[in-house]
Amino acid sequence: MNKKIVVLTGAGISAESGIKTFRDADGLWEGHDVMEVASPEGWAKNPELVLEFYNQRRAQLATVEPNAAHIAIAQFEQEEGFRVDVITQNVDDLHERAGSQNILHLHGQLTQVKSSEDDRLVYDIEYQDIQMGDQCELGSQLRPNIVWFGEAV
């Protein structure tokens, strides 16, 4: 019988890889009002700022690697008899790059965009920038596939 393991992760696991956390003194919110870059209201007010904020996050993500904790979690999946599910609050792809297969991203994924009009239209972009004018097949502006403050997980 397979043993089931559920691993819950947050910012701490990726901080070790060099990902800045949102709440640290030198964290991602420094210099930004959180509501300007991570809310539907901020998106409506200044989508260029929001896109640039997340473009910078993706650029930084491309420079880091999974750490020993990400790799250890992924190795459990290789062990005979283990079913491992990762539930993460992180929006990075370090669990995937370490080799984990069963991952639930509660707050979205930095390497994806979605339609501003239809949340079901999600596209992988890896580490590319999003620009104003980048549209889905409905003609709607693409936005980061991130759960912002005020949105449902």
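Looking only at distances, a side-chain donor or acceptor of Q141 sits under 3.5 Å from a matching main-chain atom of Q131. Side chain of Q112 to main chain of P144: no donor-acceptor pair is present (N/O by atom type, distance under 3.5 Å, no hydrogens or angles). Side-chain atoms of D118 come within 3.5 Å of backbone N or O of R120 as a donor-acceptor pair. Under a 3.5 Å cut-off, the side chain of N102 and the backbone N or O of V86 do not form any donor-acceptor pair. Side-chain N or O atoms of R58 include one that pairs as donor or acceptor with a backbone N or O of Q128 at under 3.5 Å.
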| request: May I have the step-by-step check of side-chain contact (heavy atoms from CB on, under 4.5 Å) for D85 and I5, ending in yes or no? | output: CA-CA 6 Å; D85 290 294; I5 298 173; over 6 Å; no

| request: Dump the intermediate steps for side-chain contact (heavy atoms from CB on, under 4.5 Å) on L51 and D129, then the final yes or no. | output: CA-CA 8 Å; L51 292 178; D129 286 352; over 6 Å; no

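Between the side chains of T111 and D93, no donor-acceptor pair is found at a separation under 3.5 Å. Looking at Y127 and Q60, their side chains never bring a donor and an acceptor atom within 3.5 Å of each other.
With respect to the salt-bridge test (charged N to carboxylate O, under 4.0 angstrom), the residues E151 and R143 qualify.
S100 and I73 make their closest contact through OG-CG2, 4.0 Å (heavy atoms, listed as atom of the first residue, atom of the second, distance). Residues W148 and V37 share a closest heavy-atom pair of NE1-O, 4.0 Å.
Classified by interplanar angle (parallel below 30°, tilted 30° to 60°, perpendicular above 60°), the ring pair H70/H95 is perpendicular.
Here the straight-line distance linking atom CG of D134 with atom CD1 of I125 works out to 8.5 Å at 0.5 Å rounding. To the nearest 0.5 Å, the span separating CZ on R57 from OH on Y54 amounts to 9.0 Å.
By the 6.0 Å contact criterion, CD on Q135 is enclosed, its count of non-hydrogen atoms from other residues, nucleotides or ligands being greater than 12.
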